[in-house]
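Worksheet: one structure, shown below.
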Amino acid sequence: MQGQNQQQAYDRGITIFSPDGRLYQVEYAREAVKRGTASIGIRTSDGVVLAVDKRIRSPLMERSSVEKIHKADDHIGIASAGHVADARQLIDFARRQAQVNHLRYGEPVGVETLTKEITDYIQQYTQVGGARPFGVALIIAGIANGEPRLYETDPSGTPYEWKALAVGADRGDIRDYLEAHYDESMVLSEGVDLALEALASVAEDGLAPEGIGIATIDVETETFGELSDDEKREHLEAADLLADPEAEDSEDAEDVDEE
């Protein structure tokens, strides 16, 4: 009984380490990330791809209101998994830092520089009393000095650089798929196809264009852009990943019943 009381004390104390060196609130924040729908980042030879699952819980919800991919600067995009409100706060912070860099130095902010500024901001919330860690993970993609770069932020405030990664629900299964099929020499269009295939690998009935988000940043133009529903449909049809509309309607109805 005494051991349980001690553990509860460490749970309540955000800034207190447990005897085995753990910050329980940070670990709980990681669990919040796992409950979010999946987001994927893939680095290719000529750009970076961001892909997200934008499933909605009710057919009454406007799909356009579900935002999981954001433009941070002309050459940087960010995808999120976890608490949406926390993600919005970090996205706003990233945009401000990008603008500050433009005004102060007269040049675009570096992808690594912006990532570390975000993770420094996240880390402060792991050691300040009266606050809680951010329950969200970000995938930050962009072009720096003509090279594609891809980073992940963790609720602990740690940055990681990746060739391909997944965060959110089914992270382990999607990462296994990426490890088995990723090729560093692939081009941007092949990266889009791989991202869709990875999302489809954990979806039972295929993918719908309206239920996913795809964005790319290519090396040539260094410009962030999102694919339209028609473009996503073309990729899905070419890869034979398009969901059956009847199955999709049935799935939406089941989601409403569960709620």
**OP:** List the atom of E226, the atom of A215, and the distance in Å for their closest heavy-atom pair.
**Re:** CG-CB, 3.9 Å

Original post:
Residues in ring pair (Phe, Tyr, Trp, His ring centres under 6.0 Å) with F93, at least two apart?
Top reply: Y121

Subject >> Fellow cluster residues of L196, listed by chain then number, with links counted only when side-chain atoms sit under 4.5 Å apart >> reply: I40, I42, V49, I174, Y177, L178, Y182, M186, L188, V192, L194, L199, V202, L207, I212, I214, L227, L236, L241, L242

**OP:** Output yes when a side-chain donor or acceptor of T158 lies under 3.5 Å from a complementary backbone atom of D154, and no otherwise.
**Re:** no

**OP:** Using the salt bridge (Lys or Arg N to Asp or Glu O under 4.0 Å) rule, collect all pairs that involve residues 116-129, keeping only residues at least two apart or in two chains.
**Re:** E112-K116

**OP:** Using the salt bridge (Lys or Arg N to Asp or Glu O under 4.0 Å) rule, collect all pairs that involve residues 182-195, keeping only residues at least two apart or in two chains.
**Re:** K163-E184

Original post:
When you measure from the side chain of T119 to the backbone N and O of T115, does any donor-acceptor pair fall under 3.5 Å?
Top reply: yes

Original post:
So which pairs with a foot in residues 72-88 pass salt bridge (Lys or Arg N to Asp or Glu O under 4.0 Å), sequence neighbours left out?
Top reply: K71-D74, D86-R132

Original post:
With sequence neighbours left out, which residue pairs that include part of residues 148-171 fulfil the ring pair (Phe, Tyr, Trp, His ring centres under 6.0 Å) condition?
Top reply: none

Original post:
N145 side chain to E147 main-chain N or O, any donor-acceptor pair under 3.5 Å?
Top reply: no

Subject >> Side chain T44, main chain G191, donor-acceptor under 3.5 Å >> reply: no

Subject >> D176 backbone acceptor or donor facing E179 side chain under 3.5 Å >> reply: no

Subject >> Least distance between heavy atoms, V167 atom then A81 atom >> reply: CG2-CB, 3.6 Å

Original post:
Where do R149 and V48 come nearest, in terms of heavy atoms and distance?
Top reply: O-CG2, 3.8 Å

